[in-house]
Amino acid sequence: MKIIKRTGEIEDFDLSKIKTSILNSSSDANILLNNSDINLLIREIEITLKNIRKLEPTTAYEVRGIVYHVLIKNGFIRIAKAYMSDINF
């Protein structure tokens, strides 16, 4: 899968970047995620993206919304808030 970055560049989509971002957000929220939690979240994000986009590239904006939705859906509200408050987006 490809992603269109905010700069307009197209790159290969890297789930490890999403994992790192979620772990950083959980740290910011003072919540410890175990491996099972993080793997569940990453898998659900990957499935959601593939169902929405098929072979088309996604965007950084869309990925951010999906990550937020998956975090909320799985009860990680404080992590979702920390994720969305990232000033680098």
Side-chain angles (χ1 to χ4, degrees):
M1 179 181 297
K2 300 286 186 181
I3 185 167
I4 302 169
K5 305 298 278 188
R6 286 174 277 164
T7 62
E9 293 179 55
I10 298 176
E11 295 181 3
D12 288 330
F13 182 71
D14 185 357
L15 276 172
S16 70
K17 291 180 180 180
I18 301 300
K19 180 178 179 177
T20 299
S21 185
I22 291 171
L23 289 171
N24 288 340
S25 297
S26 71
S27 177
D28 292 345
N30 294 317
I31 297 172
L32 182 63
L33 288 176
N34 61 41
N35 284 335
S36 178
D37 290 335
I38 193 69
N39 290 336
L40 172 85
L41 293 168
I42 294 300
R43 183 73 182 134
E44 189 169 339
I45 291 163
E46 181 180 32
I47 289 168
T48 302
L49 279 168
K50 285 181 179 178
N51 286 339
I52 291 172
R53 287 289 154 196
K54 309 284 187 247
L55 299 175
E56 298 175 28
T58 188
T59 64
Y61 179 79
E62 183 174 57
V63 170
R64 192 154 186 91
I66 289 169
V67 171
Y68 177 78
H69 173 77
V70 169
L71 287 167
I72 294 291
K73 179 181 169 191
N74 286 278
F76 296 108
I77 295 166
R78 287 181 32 215
I79 296 173
K81 287 180 182 179
Y83 179 78
M84 292 307 280
S85 69
D86 178 10
I87 60 172
N88 293 321
F89 185 74

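Just so it is clear, the model here is predicted, and its values are computed rather than measured. Every heavy atom of this structure was used, including side-chain atoms; hydrogens, water molecules and symmetry mates were not.
Residues N34 and D37 are in side-chain contact: their nearest non-hydrogen atoms beyond the backbone lie under 4.5 Å apart.
Under the 4.5 Å side-chain heavy-atom criterion for Ile, Leu, Val, Met, Phe, Trp and Tyr, V67 and I52 are members of the same hydrophobic cluster. When hydrophobic clusters are built by joining Ile, Leu, Val, Met, Phe, Trp and Tyr residues whose side-chain heavy atoms come closer than 4.5 Å, directly or via intermediates, I38 is grouped together with V63.
How far NZ of K19 is from CD1 of I45: 12.0 Å, rounded to the nearest 0.5 Å. In this structure, the separation between CD on E46 and CG on N39 is 11.0 Å, given to the nearest 0.5 Å. Here the CD1-OG1 distance, from I3 to T59, works out to 7.0 Å after rounding to the nearest 0.5 Å. The NZ atom of K54 sits 10.0 Å away from the CE atom of M1 when rounded to the nearest 0.5 Å.
Looking at residues two or more places apart in sequence or on another chain, you find a side chain to side chain donor-acceptor pair (under 3.5 Å) between D12 and K2. Listed by chain and number, the residues in a salt bridge (charged side-chain N to carboxylate O under 4.0 Å, His left out) with K5 amount to none (sequence neighbours excluded). For T58, the side chain to side chain donor-acceptor pair (under 3.5 Å) partners at least two apart in sequence or on another chain are E62. Not counting sequence neighbours, the partners of D14 by the side chain to side chain donor-acceptor pair (under 3.5 Å) test are S16.
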With a 3.5 Å cut-off and sequence neighbours excluded, list the donor-acceptor pairs that the side chains of residues 69-84 form with protein atoms.
| from | atom 1 | to | atom 2 | distance (Å) |
| --- | --- | --- | --- | --- |
| K73 | NZ | E44 | OE2 | 2.8 |
| N74 | ND2 | E44 | OE1 | 3.1 |
| N74 | ND2 | V70 | O | 2.8 |
| R78 | NH2 | A29 | O | 2.5 |

Inset, instruction - Test side-chain contact (heavy atoms from CB on, under 4.5 Å) on L41 and I18 and set out the steps. - result: CA-CA 10 Å; L41 293 168; I18 301 300; over 6 Å; no

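Checked options I22, N24, L23; the residue passing with T20 is N24 (criterion: side-chain contact (heavy atoms from CB on, under 4.5 Å)).
Of the possible polar contacts, one joining the S25 side chain to the S21 backbone as a donor-acceptor pair under 3.5 Å is found.
Side-chain contacts under 4.5 Å among hydrophobic residues (ILVMFWY), followed directly or transitively, place L40 with no other residue at all.
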